[in-house]
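Contents: one structure, followed by commentary.
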Protein chains: 2
Amino acid sequence: MGIVERRLRQKDEVRSSILETAWQIVKEEGWQSLSIRKIADAIEYSVPVIYDHFANKEAILLEFGKQGFNLLAKKLQQAKDSTDDPGGQLKAIADAYWNFAFRNKEYYQLMFGLGIACCEQEKCLPELTPFRNLVMEPINKLITSNKNKQINSCLKYHTFWSVMHGLISIKMINNNTEVADELNKLVLDDAIDGFIKNLKG
Amino acid sequence: MGIVERRLRQKDEVRSSILETAWQIVKEEGWQSLSIRKIADAIEYSVPVIYDHFANKEAILLEFGKQGFNLLAKKLQQAKDSTDDPGGQLKAIADAYWNFAFRNKEYYQLMFGLGIACCEQEKCLPELTPFRNLVMEPINKLITSNKNKQINSCLKYHTFWSVMHGLISIKMINNNTEVADELNKLVLDDAIDGFIKNLKG
DNA sequence: TGTTTTACCTAACACCGTTAGCAAAGTTAA
DNA sequence: TTAACTTTGCTAACGGTGTTAGGTAAAACA
């Protein structure tokens, strides 16, 4: 009897509509003004229904954080697959990371915004491992083709990531004030070029 | 007649005690749990009194943001004054910036935390100009002693700052998980070394 | 001493996240 | 078909938030 299945399906539909609606609110008003009551209003259910699907508000934000990490991983994979040259791969990855951040500002802020749901706990860090492996491989290749093999690749991975995040954060903070958009692209290229040059020795 | 002066003095004392109390709460419970009512309770005044001194809660946070920028500027100035060698100056500045961030975590998060009072508006950016000038000078010196003088120093300043911020943010997000503390220092040195090497050409 | 300004408070408004408890509907078994 | 049970969804509340309107009592001034 498919009754129980239909029920599960219906429950899943409510869950989905919660996420969809929440995401729409985040996109339109920013995640700071997302509220349980707004979601409930929009999906035309009462407030407590939402708590049948999510433990609390943070769990909803966390869901988006995970979505973001998965989407990012996909984009970075595609970037890496676009070429075989390790240096080119790093450049492509950096570019894809950059584009992801600004084409999905809401995701990025949710994923890395200080003080918010995701990434403060260790829980959600597993989603980062694909990223790590992705970046680590070309770095390792560049190092092995280098004279000075004493370089710590884990350290280099960390540097790469931090540099990326820094460039993006500062641009997001400055928003459209002060620094022109083309300049920001130059800053990215500059930093990544320097990083790769440094890797090659 | 000093009556009006005494009054102003008393009013200033209340203002100061608001800021002191607020800062204590921020240090003890984090800025996310700072509330007007908590401040009012602690200073033993009613809630609306606080609005005689600050337009709203954000204005209080903004005040701390400004304090933070001024303190940072002082620390960086000291760092720069510690040596005459431009490369050494950049290193010292980077070190001081790093230390400031982690010794004054609350300040740093208030200054750069996405979605919070400071630095989303253009208003508070003036406080950043000392930092800019400070970093720009040694960068310019390094460039002029370089063969390839086509390098844009404004771009380099921006890169320097972004890299710094990225390293710090990622460490703050990861907190004490995953990456050891000594490694983080290495990452900083690595990135800044690479940056300076790149500058020298 | 009466008038005006200032300081301060109570009480409210409109939100927020979260939960207890109840009513209605749907499902199952006798 | 009826009775028992489970699920679903609601109302209403609790305790919290930022913010403000309006009134009172004290202080300063004429």
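Chain identifiers are assigned alphabetically (A, B, ...) following the order of the sequence lines, protein sequences preceding nucleic acid strands; residue numbering begins at 1 within each chain.
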Nearest-0.5 Å distance, OG1 of residue A/T159 to CZ of residue A/F195: 6.0 Å

A quick test of your reading: do over 12 heavy atoms of other residues, nucleotides or ligands sit less than 6.0 Å from CG of A/D81? yes

Which donor-acceptor pairs under 3.5 Å do the side chains of residues 85-93 of chain A make with protein atoms, sequence neighbours left out?
unit_1	atom_1	unit_2	atom_2	d
A/D85	OD2	A/G88	N	2.8
A/Q89	NE2	A/K80	O	3.4
A/Q89	NE2	A/T83	O	3.0
A/K91	NZ	A/D193	OD1	3.2

Surrounding NZ of A/K75 (heavy atoms of other residues, nucleotides or ligands, distance under 6.0 Å), is the total greater than 12? no

What is the distance, rounded to the nearest whole Å, between atom CD of A/E29 and atom C1' of C/dC15? 14 Å

With A/D41, which residues qualify under side chain to side chain donor-acceptor pair (under 3.5 Å), at least two apart? none

Determine, for nucleotides 22-27 of chain C in 5'-to-3' order, which nucleotides have protein heavy atoms under 4.0 Å from the base (write B), from only the sugar-phosphate (write S), or from neither (write -). -----S

Could you tell me the separation between the CD1 atom of A/I50 and the P atom of D/dT11, rounded to a whole number of Å? 14 Å

Protein heavy-atom contacts under 4.0 Å, written 5' to 3' over nucleotides 12-21 of chain D as B (base), S (sugar-phosphate only) or - (none), form the string -B---BBBBB

Between atom CH2 in A/W31 and atom P in C/dG17, what is the gap in whole Å? 13 Å

Rounded to the nearest angstrom, tell me the gap between atom CG in B/L8 and atom C1' in C/dT6. 12 Å

Rounded to the nearest Å, what distance is computed from the NZ atom of residue A/K11 to the P atom of nucleotide D/dT6? 15 Å

Other residues, nucleotides and ligands only: do more than 12 of their heavy atoms fall within 6.0 Å of CZ on B/R103? no

Do the ring planes of A/Y97 and A/Y108 sit parallel (below 30°), tilted (30 to 60°) or perpendicular (above 60°)? perpendicular

Identify every side-chain donor-acceptor pair in residues 14-25 of chain B under 3.5 Å, counting partners at least two apart or on other chains, and give the distances.
unit_1	atom_1	unit_2	atom_2	d
B/R15	NH2	B/E63	OE2	3.4
B/S16	OG	B/D12	O	3.0
B/S17	OG	B/V14	O	2.9
B/T21	OG1	B/S17	O	2.6

Rounded to whole Å, the CD-P distance (A/Q32 to C/dG17) equals 13 Å

Figure out the CZ/P separation between A/F54 and C/dT18, and round it to whole Å. 13 Å

Just how far, in rounded Å, is P of C/dT6 from OH of B/Y45? 17 Å

How would you list, by chain and number, every residue that makes a side chain to side chain donor-acceptor pair (under 3.5 Å) with A/S162, sequence neighbours excluded? none

